[in-house]
Amino acid sequence: MDEYDVAVVGGGPIGCYVAEQLALKGRRIAVFEEHNTIGEPTHCAGLVTQRVLDITKCSQDAIVQNTIYGAIIHSPAGALLTIGGNNIHALVINRQKFDEHIAQKALNAGAAILRNHKVIAVKKQRSVITLDIQQDEQMTPVHSQLLIGADGAHSHIRDSFGFPQPIEKLHGISAELSDSTLDPKYVHIFVGSTIAPGFFAWVIPTNVQGTTARIGLCIGKHSTHPLQYYYTALLQQPLLQGTTVMKRFGGTIPLGPLKKTAVDQIMLVGDAAAQVKPTSGGGIYPGLLCATHCSIIAEEAFQKQRFDEKFLRHYHAGWTKEIGRELSLGMRFRSIFSHLTDRQFNKYIEKLGTQKTIDTINTYGDIDYPSRLVLPLLTTMPSLLSLTPTMLKHKNK
Ligand SMILES: Cc1cc2nc3c(=O)[nH]c(=O)nc-3n(C[C@H](O)[C@H](O)[C@H](O)COP(=O)(O)OP(=O)(O)OC[C@H]3O[C@@H](n4cnc5c(N)ncnc54)[C@H](O)[C@@H]3O)c2cc1C
């Protein structure tokens with residue numbers, strides 16, 4: 001029977017990153033991935049910041065398809081608000097290549113990456129974890145001392161060991177387009193009840209010519225129509241006339257980071273722990289930050305031979321200290337955002353369109369840390385304070 005120090009369930013970017021870090025420390029580690037190909041199927045718009053490449057030490061050349069300088073926000077009434085323009089604010093990555101790259105780094109460090117290995121069941125008995133792995137028609141048991149659940153939004157590990165659930169799960173739909181005629185420097189964001197109720201829709205140019213794009217949207221739980229309805233509405237936007245859909249995909253975004261991410265011998269990380277920015281649905285950067293804490297505590301657990309919940313809770317404390325406040329504030333901003341009516345969107349998008357507020361957004365806006373914009377923006381535009389009752393009302397949710 002195969003035995004490992006650490007078993008990671010899920011060969012996404014977060015699981016493979018943890019595996020690389022622990023393999024570099026000499027731990028025997030295996031990543032179990034149910035699909036045959038790392039990075040497939042893709043469920044991602046691929047918009048990240050340079051921080052993601054810095055953490056993973058991925059070179060731009062292999063991964064980055066385009067650089068984004070600004071955003072054009074479309075109000076429900078059709079008014080446009082353009083922000084940014086002078087500096088790079090985000091990178092568009094080829095998500096499959098990115099995932100493959102991180103998996104390859106884990107392999108190079110000495111981790112085993114086992115594709116087409118689906119974890120069907122996990123048991124804890126006398127300090128040993130036993131995983132039942134399905135490969136083709138065969139079932140094989142595998143043992144490990146520590147288990148890391150990096151198995152995404154629908155985490156089986158989270159559900160099997162009584163971890164709390166994310167507060168919300170957003171459902172998304174996305175597509176790759178060709179024949180677009182976009183300004184490659186700008187993403188487009190659409191808000192409002194007829195296009196993406198409870199969240200937003202996006203159009204992201206994926207090459208430097210603006211001739212290919214990734215589009216998509218997520219909707220909140222109070223949407224009146226199915227996803228397909230809003231997807232059709234997005235495709236009918238004048239901006240996308242004449243484009244061709246090359247590929248479609250869907251996905252789930254878990255929001256509201258879990259209050260508990262470690263129990264005896266098990267830690268959850270990435271989407272499995274809903275370590276996702278609630279304002280944008282981006283999970284790669286916060287997931288990687290948390291994965292760093294996860295691998296540090298896992299290594300310490302081996303050094304001290306402490307795999308109990310009390311010790312592994314240091315992981316929870318570590319990531320919460322680093323990014324917990326930002327994610328919690330993000331949930332409050334999301335709460336305000338998801339309660340805005342189309343009239344309010346129209347009003348605020350119009351009000352934000354002064355040179356002074358745009359300058360403030362350009363100076364302080366950061367897609368990884370949206371809270372850094374709040375105080376400067378409230379100072380520039382005090383009328384936004386009228387939104388704080390909604391924020392306080394949802395403080396404890
Ligand atoms: C529509 C959409 C757009 C997005 N856009 C962005 C974006 O622009 N920027 C950004 O930062 N984030 C974005 N995200 C979020 C991002 O995709 C996730 O945060 C990220 O993939 C999380 O990585 P992960 O490794 O935790 O999970 P995943 O990437 O989901 O990987 C989990 C892996 O576990 C495997 N697995 C699951 N169960 C088992 C099992 N039982 N046995 C074996 N393997 C298993 C799965 O096959 C999968 O490969 C988007 C998400 C969606 C849905």
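Any value given below was found using the heavy atoms of this structure, including those in side chains, with hydrogens, waters and symmetry copies removed. Whatever order the structure lists ligands and atoms in, that order sets their numbers, starting from 1.
Counting atoms of ligand 1 from 1 in the listed order, those under 4.0 Å from a heavy atom of P13 are 23 (O), 25 (O), 29 (O). Close contacts of ligand 1 with I253, meaning ligand atoms under 4.0 Å from a residue heavy atom, involve 51 (C), 52 (C), 53 (C). Every atom of ligand 1 with a heavy atom of G152 under 4.0 Å away is listed here by number and element: 27 (O), 30 (O), 32 (C). Atoms of ligand 1 found under 4.0 Å from any heavy atom of G281 (numbered from 1 in listed order, with element): 12 (N), 13 (C), 14 (N), 15 (C). Here is the list of ligand 1 atoms found below 4.0 Å of a heavy atom in H117: 43 (C). Heavy-atom proximity to G10, at under 4.0 Å, picks out these atoms of ligand 1: 33 (C), 34 (O), 35 (C).
A heavy-atom separation below 4.0 Å is not found between H156 and ligand 1. Heavy-atom separations between A150 and ligand 1 include at least one value shorter than 4.0 Å. Taking 4.0 Å as the cut-off, K277 does not count as a neighbour of ligand 1 on heavy-atom distance.
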Could you walk me through whether F307 and F302 pass ring pair (Phe, Tyr, Trp, His ring centres under 6.0 Å), step by step?
CA-CA 8 Å; F307 303 104; F302 278 98; 4.9 Å; yes

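Neither the backbone nor the side chain of C218 comes within 4.0 Å of ligand 1, counting heavy atoms alone.
Below 3.5 Å of separation, one finds no N or O of G251 facing any N or O of ligand 1.
For F249 and H43, the distance between ring centers is not under 6.0 angstrom.
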